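Report on the structure given below.
One-based numbering, in listed order, for ligands and for the atoms of each. These values consider heavy atoms only, across backbone and side chains, with no hydrogens, waters or symmetry-generated copies. Only a predicted model underlies this, so the values are computations on that prediction, with no experimental measurement involved.
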Amino acid sequence: MNIVDVLNQIWTQILNVTAIFVTPDWGFLISLLPVLILLGLVGPFLTGLMIGTVVYLVTKPRVKMAFEEGPRVAEIGPGGEPVFPVGLPHCRRDGLIYPSGTLRCERCHDELAVICPMCSLGRSAQIDTCTNCGLVLKVVPRAIAVRSTPGPKPGGAAAA
Ligand SMILES: [Zn+2]
Ligand SMILES: [Zn+2]
């Protein structure tokens with residue numbers, strides 16, 4: 001057995017394989033039929049599942065965002081004074097409660113206050129550590145989270 005014989009064998013095998021694709025081999029196609037039917041049945045199901053997942057992922061965060069956005073009006077206590085929940089920034093002047101991380105009032109642009117959840121001492125929302133008991137409120141302001149994502153602007157140094 002020499003190399004020419006081996007090459008001839010490989011060549012005939014290649015021809016046999018290509019013959020399946022060039023001339024329609026009905027027996028081969030019919031043997032594929034169950035696979036095609038299965039794909040036809042499973043395909044739409046998987047597509048529907050993917051669309052459903054995408055719709056779920058797209059709609060779910062929007063609902064959460066709408067829930068967290070914007071200030072809400074504080075409840076009025078029995079003494080006629082607004083009642084502010086502990087640990088959340090609030091404006092005493094307007095009686096508004098803001099989501100965690102807000103530092104200034106949208107209405108009067110005044111600094112927001114926060115009540116320490118541990119010792120109930122009021123302080124500015126800009127200070128994250130209680131001066132009385134040392135409790136740190138873990139708050140991530142949105143401005144910092146946005147600022148850290150984009151890189152340095154290209155061409156900024158070259159322009160000068
Ligand atoms: Zn205000
Ligand atoms: Zn405290």
Charged N to carboxylate O under 4.0 angstrom, D110 versus R104? no
Look only at the side chain of N8 and the backbone of W11, and say whether a donor-acceptor pair between them is shorter than 3.5 Å. no
If the cut-off is 2.8 Å, does any N/O/S atom of H109 fall short of it from the Zn ion (ligand 1)? no
In terms of heavy-atom contacts, does CD of E81 have more than 12 from other residues, nucleotides or ligands at under 6.0 Å? no
Tell me whether E75 at atom CD has more than 12 heavy atoms from other residues, nucleotides or ligands lying less than 6.0 Å away. no
State, to the nearest 10 degrees, the angle whose vertex is the Zn ion (ligand 2) and whose arms point to SG of C133 and SG of C116. 100°
Angular separation of C105 SG and D94 OD2 about the Zn ion (ligand 1), given to 10°: 100°
